[in-house]
Structures are given as C-alpha cells and as structure tokens.
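Note that the coordinates shown come from a computational prediction; the quantities given were computed from them, not determined experimentally.
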Amino acid sequence: MAFQDTFRLSSHAVITNNSGEVLLLKANYGDGNWGLPGGALEPNETIHEALLRECEEEIKCQINIQYLSGVYFHSAYNSQSFIFRCDIKNGCEIQLSDEHTDYKYSPVETMSPVQKHRIKECLAFNGYVASAKF
C-alpha cells in the first residue's frame, strides 16, 4: 500500500434490547441500508473516540463500551471495521440524526450474512478479538 492510498477505518456498536435483538439504523444515504450505529474515524481520533462521537451524533445517546470483539476487512470499501459490544447509558431514548430515517431492534438471524457473522462473534465473545475478510 502506498503512502497516498485511501484506506478507511470505522467503529460500530452492537447494542441489544432485553429480548437480545440488535439495534439497527436505516441510512438515508447510499443504498439506504440498515446498519449498526457508528461510522468512520476522523483525523486524530481513536477507535473508541470515534464510536462515542458517532453514537452521540446518530442516536443522541451516550454509550458504555464493554469490549472490542472483532476487526473485519471489507474489500468493497477497502476498510477495516472495529466492532464493539455496547449499551446505552441511563436508559436514554433514541433520537435519530438527519443521517437516518428509522431504527429498529432486529433478531440476528434476519440480518445479512456479513452482519450476522460480526454480531454473532460479538455476542459470543470469549476474550479473543476475532478478525475476518469479506
């Protein structure tokens, strides 16, 4: 990889409700996909700082980061995604930013193969940070 090449990093939160369903946000950009809260790192930001900022921006709630469960390479975006297990602080009520049109808690089994893989590894965390390529 050359010095001037573009390479992306992002941090994402796996947040569940009392039924074990995972919080997803519907983007109003790109293909309008459903995805985990989080997003790209900004210059001079750590993966933890990015996750805290992105969740505050996207759902207007502060989160507790429990652990980093995996780092995944996505060839379609030339990016590495850091997946964290999190919960929402103090029962904050979700309020969406302008980047998203809706949110829902969804069973893991209904998600795309990539999301399912990352989330299942997160929820079954055994102290070992997983990695995979997609």
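- A pairwise comparison of heavy atoms in P37 and E58 identifies CA-OE1, 3.4 Å as the closest pair.
- Minimum interatomic distance between E57 and S97 (heavy atoms only, all atoms of both residues): O-CB, 3.1 Å.
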Step-by-step side chain to side chain contact (heavy atoms under 4.5 Å, CB included) determination, T110 to K116 | CA-CA 8 Å; T110 64; K116 191 184 307 184; over 6 Å; no
Under the side chain to side chain contact (heavy atoms under 4.5 Å, CB included) criterion, do I63 and K89 qualify, and how do the steps go?
-> CA-CA 5 Å; I63 60 164; K89 284 187 178 181; 5.7 Å; no
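- Judged purely by atom type and a 3.5 angstrom limit, Q115 has no side-chain atom pairing as donor or acceptor with the backbone of S112.
- Between the side chain of R85 and the backbone N or O of I65, no donor-acceptor pair lies under 3.5 Å.
- Inter-residue side-chain proximity for S69 and V129 is flagged as unmet; no heavy-atom pair is nearer than 4.5 Å.
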Verdict with reasoning, L123 to T16, per side chain to side chain contact (heavy atoms under 4.5 Å, CB included) | CA-CA 9 Å; L123 297 176; T16 56; 4.1 Å; yes
Report the C-alpha separation of Y67 and F125 in whole Å, then their side-chain angles, then the decisive distance to 0.1 Å, and conclude whether the ring pair (Phe, Tyr, Trp, His ring centres under 6.0 Å) test is met.
-> CA-CA 9 Å; Y67 54 80; F125 184 66; 4.2 Å; yes
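- Heavy atoms from other residues, nucleotides or ligands lying under 6.0 Å from CG of N126 number more than 12.
- Within the 4.5 Å cutoff, the side chain of H48 has no heavy atoms near those of the F82 side chain.
- Between V22 and V14 there is a side-chain heavy-atom pair separated by less than 4.5 Å.
- Side-chain contact between L9 and I47 is absent, with no heavy-atom pair separated by less than 4.5 Å.
- Between Y103 and Y105, the ring planes are perpendicular. Angles over 60° get that label, and only those under 30° would be called parallel.
- Of the possible polar contacts, one joining the S75 side chain to the F134 backbone as a donor-acceptor pair under 3.5 Å is found.
- Looking only at distances, no side-chain donor or acceptor of D31 sits under 3.5 Å from a matching main-chain atom of N33.
- E21 CD to E109 CD: the interatomic distance, rounded to the nearest 0.5 Å, is 12.0 Å.
- The pair E42-R53 counts as a salt bridge, with a side-chain nitrogen and a carboxylate oxygen less than 4.0 angstrom apart.
- Inter-residue side-chain proximity for Q62 and L52 is flagged as unmet; no heavy-atom pair is nearer than 4.5 Å.
- Side-chain atoms of E54 and S10, non-hydrogen and from C-beta on, never get closer than 4.5 Å to each other.
- Between H100 and N28, every side-chain heavy-atom pair lies at or beyond the 4.5 Å cut-off.
- The side-chain hydrogen bond (donor to acceptor under 3.5 Å, both in side chains) test with Y72 singles out one residue from K133, E121, H12, and that residue is E121.
- Residues K120 and V108 are in side-chain contact: their nearest non-hydrogen atoms beyond the backbone lie under 4.5 Å apart.
- N17 places a side-chain N or O within 3.5 Å of a backbone atom of S19 that can act as its donor or acceptor partner.
- For the atom pair OG1 of T101 and CH2 of W34, the computed distance is 6.5 Å after rounding to the nearest 0.5 Å.
- The two residues E45 and A50 make their nearest non-hydrogen contact at OE1-CB, 3.4 Å.
- Note that CD of E99 is 9.5 Å distant from CG of L25, once rounded to the nearest 0.5 Å.
- The minimum heavy-atom distance linking I88 with C92 is given by the pair CG2-CB, 3.6 Å.
- Interatomic distance, OG of S131 versus CZ of F73, reported as 12.0 Å (0.5 Å rounding).
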Is there a side chain to side chain contact (heavy atoms under 4.5 Å, CB included) between S11 and F84 once you walk through the steps?
-> CA-CA 7 Å; S11 294; F84 292 88; 3.9 Å; yes
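- No continuous path of hydrophobic side-chain contacts links I15 to L24 [ILVMFWY only; heavy atoms under 4.5 Å].
- No continuous path of hydrophobic side-chain contacts links L36 to I59 [ILVMFWY only; heavy atoms under 4.5 Å].
- Checked by atom type, the side-chain pair D87/Q66 shows a donor-acceptor distance below 3.5 Å.
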